Amino acid sequence: MNEQVPEDKTLDNTVALMREGYLFIRNRIEEYQSDIFETHVLGQKVICMGGSEAAKLFYDTDKFQRQGAVLKRIQKTLFGVNAIQTTDGRVHHHRKQVFLSLMTPFHQKRLAELVMNQWIESSKKWVNLDKIVLFEEAKKTLCRVACHWAGVKLHESEVKERADDFISMVYALGAVGPQHWKGRMARNRAENWIQSMIEDVRKGTEKVEEDSALYTMATYQDEEGNKFDPHMAAIELINVIRPIVAISTFITFTALALKDHPEYKEILKSGNPQDLDMFIQEVRRYYPFAPFLGAKVKKDFIWKDCAFKEGMLVFLDIYGTNHDPRLWDNPNEFHPERFKDRNVGPFDFIPQGGGDPSTGHRCPGEGTTIEVMKASLDFLVNKIEFDIPAQDLSFSLVKIPTLPESGFVMQNISLKV
Ligand code: HEM
């Protein structure tokens with residue numbers, strides 16, 4: 001029993017978690033005035049924590065492991081069963097280097113260029129349409145780009161269905177019932193599709209560039225020199241393509257931020273990379289996407305008078321840490337200038353995890369996300385003009401993941417060049 005640590009007395013807080021969504025951990029941290037508290041979720045004891053000190057602790061691989069921390073229902077929708085997110089130690093480290101090799105600055109730049117070109121191509125068709133929904137267009141744009149870049153053949157007639165499947169995996173995260181099952185079916189379809197391509201590359205019937213993500217995952221050998229089985233290779237290739245498609249959520253929030261803060265449009269018209277950068281960093285901080293992360297205690301230890309017992313589940317609050325008033329002045333205000341002279345530390349700004357991506361679980365796709373968002377912001381500000389009709393742009397902090405309700409409808413689109 002941790003006598004010093006606040007304990008939520010409710011028997012089980014699963015319902016409260018579903019009711020409070022992104023704010024569940026933050027609400028209690030504020031109520032208890034403590035970075036750490038104990039509760040029960042899904043019938044088990046969980047330690048919840050937030051803030052930069054907690055983030056630093058969470059990424060200590062001597063203290064925490066990921067194996068056993070990710071629910072099977074999340075593996076069967078979002079990540080894939082036994083994917084990198086569930087591995088530790090040598091297996092994780094070896095596998096992580098492959099992801100990082102596919103996300104170098106060269107690849108980041110290439111992906112951003114492809115995204116800009118694809119936006120311009122698509123927008124030529126938008127001028128003849130009554131309206132478009134940005135989120136729907138972003139899904140298709142990013143799916144085309146991610147598959148092309150990865151060496152995965154995708155016919156134009158398949159784009160919408162495949163893009164929807166990648167997004168359904170992401171939006172199954174906090175879902176129960178039909179939305180969860182939609183995610184499962186989407187994953188099964190995508191795994192079958194990509195697995196057959198992996199097999200074709202191995203047989204030599206599918207020719208693909210050797211530096212492509214498809215070839216890389218098809219030929220990857222683990223730390224013991226064994227190839228992935230084709231199903232695992234498909235899971236990890238999807239772990240590259242799916243999150244690229246998921247950048248559509250941040251792009252939709254970027255458009256919302258531009259609408260709600262039109263004063264930045266003039267500044268961003270110069271196309272100055274630093275202004276674009278500050279704006280999208282603030283989008284990644286301010287708007288909700290990944291809610292919190294889970295890990296299991298590897299061996300007993302004590303931190304801030306709290307006894308962490310081997311096998312206990314621990315949640316680190318991502319959304320709350322990005323809104324922690326000790327780290328961010330007026331955290332609930334959108335203010336890109338806060339990034340101007342800020343030296344961002346590895347544990348205070350964690351929309352895609354914390355620490356060092358090459359040694360821990362931090363997202364390897366952060367640079368890519370930033371470059372793709374910058375290209376998309378530049379496109380929205382400098383390449384097209386459009387009207388924003390009346391619509392419901394509110395977003396829920398209860399639904400995980402969330403999105404502006406309307407998906408951001410745009411009308412009367414014209415090209416600037
Ligand atoms: C891990 C968020 C884009 C690939 C993660 C984690 C988060 C995250 C929160 C977990 C970090 C941890 O467990 O400690 C996001 C968000 C993105 C995004 C919000 C923007 C939409 C990308 C992209 C890629 C990617 C573009 C492409 C390669 C991965 C992989 C992992 C990961 C493979 C697992 C890393 C590991 O377990 O070592 N991401 N990510 N993500 N992300 Fe991203």
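As the structure lists them, so they are numbered: ligands from 1, and atoms in each ligand from 1. Quick note: numbers below take in every heavy atom, side chains included, and nothing from hydrogens, waters or symmetry partners. This is a predicted model, so every value here is computed, not measured.
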Q: Check the pair Asp62, Lys298 against salt bridge (charged side-chain N to carboxylate O under 4.0 Å, His left out), reporting the backbone distance first and the verdict last.
A: CA-CA 7 Å; Asp62 288 337; Lys298 209 167 171 178; 5.2 Å; no
(Q) Please determine whether side-chain contact (heavy atoms from CB on, under 4.5 Å) holds for the pair Phe64 and Phe301, giving the CA-CA distance in whole Å, both sets of side-chain angles, and the decisive distance to 0.1 Å. (A) CA-CA 10 Å; Phe64 293 100; Phe301 67 92; 3.7 Å; yes
Between ligand 1 and the protein, find all N/O pairs closer than 3.5 Å and give the distance for each.
residue: ligand 1; atom: 13 (O); partner: Arg66; partner atom: NH1; Å: 2.6
residue: ligand 1; atom: 14 (O); partner: Tyr59; partner atom: OH; Å: 2.5
residue: ligand 1; atom: 14 (O); partner: Arg66; partner atom: NH2; Å: 3.0
residue: ligand 1; atom: 37 (O); partner: His361; partner atom: ND1; Å: 2.6
residue: ligand 1; atom: 38 (O); partner: His92; partner atom: NE2; Å: 2.6
residue: ligand 1; atom: 38 (O); partner: Lys96; partner atom: NZ; Å: 2.9
residue: ligand 1; atom: 38 (O); partner: His361; partner atom: ND1; Å: 3.3
residue: ligand 1; atom: 40 (N); partner: Gln352; partner atom: NE2; Å: 3.3

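Put simply, the residue from Gln118, Lys125, Lys124 that forms a side-chain hydrogen bond (donor to acceptor under 3.5 Å, both in side chains) with Glu121 is Lys124.
Using cut-offs of 30° and 60° on the angle between ring planes, the pair Phe279 and Phe334 is perpendicular.
Nearest heavy-atom pair across Arg144 and Ser122 is NH1-OG, 3.9 Å.
Atom CE of Met116 has more than 12 neighbouring heavy atoms from other residues, nucleotides or ligands inside a 6.0 Å radius.
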